[in-house]
Amino acid sequence: MLITFDGTFDGFLSVVYAVYYEKLEPVSIQIDGTEQLSLADLRRIETDSEKSARVFNAVRTKISPEAALRVYYAFLSSAENRFLSILKYIQLGFSVGHMVDSRLHESFVRDVHDFYKNVGREAHLLHGFCRFAETQQGVFYCPVTPKNDVLVLLAEHFVERLMNQAWVIHDKRRKKAAIYDGKSYVVAEVPAGAEFSYADGELETQELWVQFFNALAITERKNKKLQRQLLPFHFRGNMTEFV
Amino acid sequence: MDMMDKLKILADAAKYDVACTSSGSNRAAKRGALGNAVACGICHSFTADGRCVSLLKVLLTNKCIYDCQYCGNRRSNDVPRAEFTPDEVAELTIRFYQRNYIEGLFLSSAIIQSPDYTMELLAATLRTVRETYHFNGYIHVKTIPGANPLLIRQAGLLADRVSVNIELPSRESLARLAPEKTRQNILAPMRAIRENIAQSKNELSLYRAARNEPKFAPAGQSTQLIVGATPESDSKIVTLAEGLYGKFKLKRVFYSAYIPAGDSRLPTVAPPLLREHRLYQADWLLRFYGYKSGELFSSEDENLSLDMDPKCHWAVNNLHLFPVEISTADYLTLLRVPGIGQISAQKIVAARRVGKLDFEDLRKMRVVLKRAKYFITCNGKAYDKFPLLPETIAPRLTDSSRIDNYTQLTLAQ
């Protein structure tokens, strides 16, 4: 059986609910509209926030809070096979409880751990590599192009850190943005072609930063390979000191 | 002199301070103040030499009355000089922080007029940054050897981490190259900082913390020493570090491979960066793996091997303790297997509770077997029939290709 859902986390947990109560045996789980042609039965699962809340709560209490976090992070991953691996992980978790995380000989447990690590790592790196620029309207704008869908994780970090300024974190790859007005943030779609101009003094600050950054390198110890390892090229497109 | 030139001079003068960490302090965000700090630390960029940039690392001034031979800011050195005002430092910090360029401020200074005068300026600057500009991110402040303990206390209450640089590993070297500094001048503030931290952590202070009284340097203190400018052996340096971690409760000791400064009393050739790397490896063994400095050196060799990392070196010299059985060995024994670190050891301990583990399972769990395979057995089975002898194992653990990458360019002949 091939299951499709709307692509939201709630939708995915509704799939888990349906699989559990209707004893479904999916061979693949895909997002609506992206499913590939298949000879298997097709089944579309409606998103139901009540059901998804029950599943998430069950993961927290019957498996562990850490497992719930792993499931959420793994869901944000861009890996193709993530949905089926997470489903199997939750199923095994419901039967063995928190010990599921010790069953590293099961490939889907390792997968979920890997996705979790991968997403967490990218979000952590972007906590540092995000660059904001002040616009004429006084809003700080930050473009990102992450591989995984880490926008919400970034927003949660900057809500704390840059609490007193309005900002926008724009995921250019997924064409959506987290918009913060100084009190709370929302995630919204971004229409193509939105433009802005820099505030007065913004370019001067950027120049100061680049000056500082360049002064820091010890030329006798140049090591571009190490720099590339620690700060891969795909991050640099959005970073003030590299563009 | 405009901001751009000042920043260039004072960032350039501060860059040889290697401490870049922003870890160890959890500072919750506050309404009306800018920023927070997270205990894991965050790197914001990486320079062309591969070092992390996490703090706005600048000197308040590089106008120095001292003449330490290893230091680029010594008064006899002909370099451009500049100084920041407290407001300039605060404003720059805020502007960089709002754009997420940095995790916080690392403030140090050359010594102008006197140690006390300089320390007072540093404390005043921190006060401006914290109180006038409401900056709530990470601050690392360097204290000045010989400064009044009360001034150090003032600075420590505003900072997350304080440090005093030991600079040179022995009294004799200090006397020769930095005649204005003495061991006593350096260790006294370290001791004072330790006392302040301990006091801040005791019960009474916890009660104060609940009432939002400031903590003294919640991320602890660190120090730095220069390797290779003077003849001290690795053994001496590692033992010194062990003492600092033990007696002075330091969070970190940083090692900096010396870069030739052109003075006749100093060697003209820099030590290999690999030596610096080996010292860091040994440092990690002290702090996270339960090793004692004495275990890492033999009586005939006072220096760490450049061919092999210190953990492998120890294992090869203690082959009678191996192989270790994966299914039964305790956590600390697993940690001593070359190639198995904390993460792998924790995974093994967790996974073996639900089933037997063979080499294939370990590989799937991402335990790196490259070195470990010689030193472990899985359910009594060895990886292959390989005699566990120093002369057969050692060549397989050296990584000569790596050594080439660590040679350093110098201007010296």
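Heavy-atom basis, side chains included; hydrogens, waters and symmetry copies ignored. What you are looking at is a predicted structure, and each value in this text was computed from that prediction instead of being measured.
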Anything in residues 60-98 of chain A with a heavy-atom distance to chain B below 4.5 Å? Please list those residues in order.
none
Which atoms of B:R31 approach chain A - backbone, side chain, both or neither, heavy atom under 4.5 Å:
both
Applying salt bridge (charged side-chain N to carboxylate O under 4.0 Å, His left out), which residue pairs with at least one partner in residues 119-131 of chain A are found, sequence neighbours left out?
A:R131-A:E241
Most chain B-contacting option - heavy-atom pairs closer than 4.5 Å, from A:L226, A:N164, A:N214:
A:N164
In the structure I gave you, are the side-chain heavy atoms of B:D49 and A:L216 within less than 4.5 Å of one another anywhere?
no
Do A:N118 and A:N148 pass the side-chain hydrogen bond (donor to acceptor under 3.5 Å, both in side chains) test, and can you show the C-alpha distance, the side-chain angles, and the key distance before you say yes or no?
CA-CA 8 Å; A:N118 191 267; A:N148 302 304; 2.9 Å; yes
Flag for A:E202-A:Q206: side-chain donor and acceptor within less than 3.5 Å
yes
Report yes or no: do A:T205 and B:R95 form a side-chain donor-acceptor pair below 3.5 Å?
yes
Counting only heavy atoms closer than 4.5 Å, note whether A:E160 contacts chain B via side chain, backbone, both or neither.
both
Out of A:R236, A:E204, A:H157, which one racks up the most heavy-atom pairs below 4.5 Å with chain B?
A:E204
Short side-chain donor-acceptor distance under 3.5 Å, B:Y101 and B:H44:
no
Is it true that B:D5 and B:K8 make a salt bridge, defined as a side-chain N closer than 4.0 Å to a carboxylate O?
no
Taking atom CZ as the centre, does A:F242 end up with more than 12 heavy-atom neighbours from other residues, nucleotides or ligands that are less than 6.0 angstrom away?
yes
Is a donor from one side chain sitting under 3.5 angstrom from an acceptor on the other, for A:Y185 and A:E156?
yes
Proximal component of A:D114, with respect to chain B [non-hydrogen, under 4.5 Å]
side chain
Within a radius of less than 6.0 Å around NZ of B:K30, do more than 12 heavy atoms belonging to other residues, nucleotides or ligands occur?
no
Report which part of B:C52 has an atom under 4.5 Å of a heavy atom belonging to chain A: side chain, backbone, both, or neither.
neither
Does a side-chain N-to-carboxylate-O contact under 4.0 Å join B:K6 and B:D12?
no
Tell me, for A:T240 versus chain B, whether the close heavy atoms (under 4.5 Å) come from the side chain, the backbone, both or neither.
side chain
So which part of B:L92 gets closer than 4.5 Å to some heavy atom of chain A, the side chain, the backbone, both or neither?
side chain
Which bit of B:V58 is near chain A, if near means a heavy-atom gap under 4.5 Å: side chain, backbone, both or neither?
side chain
Determine the interplanar angle of the B:Y280 and B:Y255 rings, folded into 0 to 90°, and report it as parallel if under 30°, tilted if 30 to 60°, perpendicular if over 60°.
perpendicular
So, for A:Y141 and A:F196, is the gap between ring centers shorter than 6.0 Å?
yes
Would B:N36 and A:R161 count as a side-chain hydrogen bond (donor to acceptor under 3.5 Å, both in side chains) here? Give the steps.
CA-CA 5 Å; B:N36 62 355; A:R161 171 151 297 192; 2.8 Å; yes
Side chains of B:N100 and A:F158: closer than 4.5 Å at any heavy-atom pair?
yes
Looking at A:L231, A:L162, A:I218, which has the largest count of heavy-atom pairs under 4.5 Å with chain B?
A:I218
Applying a strict 4.5 Å limit to non-hydrogen atoms, the region of B:A28 in contact with chain A is neither
B:A14 portion near chain A, given a 4.5 angstrom heavy-atom threshold:
neither
Chain B heavy atoms under 4.5 Å from A:F140: which part of the residue, side chain, backbone, both or neither?
side chain
If you tally heavy-atom pairs under 4.5 Å between each of B:E360, B:R51, B:Q98 and chain A, the highest tally belongs to B:Q98
Bottom line for B:L34: the part with an atom under 4.5 Å from chain A's heavy atoms is both
Per-residue contact mode, A:F235 against chain B (heavy atom under 4.5 angstrom)
neither
Return the option, out of B:A11, B:A48, B:G32, with the maximum number of heavy-atom pairs under 4.5 Å with chain A.
B:A48
Quick one: which of B:G35, B:S54, B:C40, B:G355 has the most heavy-atom pairs under 4.5 Å with chain A, could you say?
B:G35
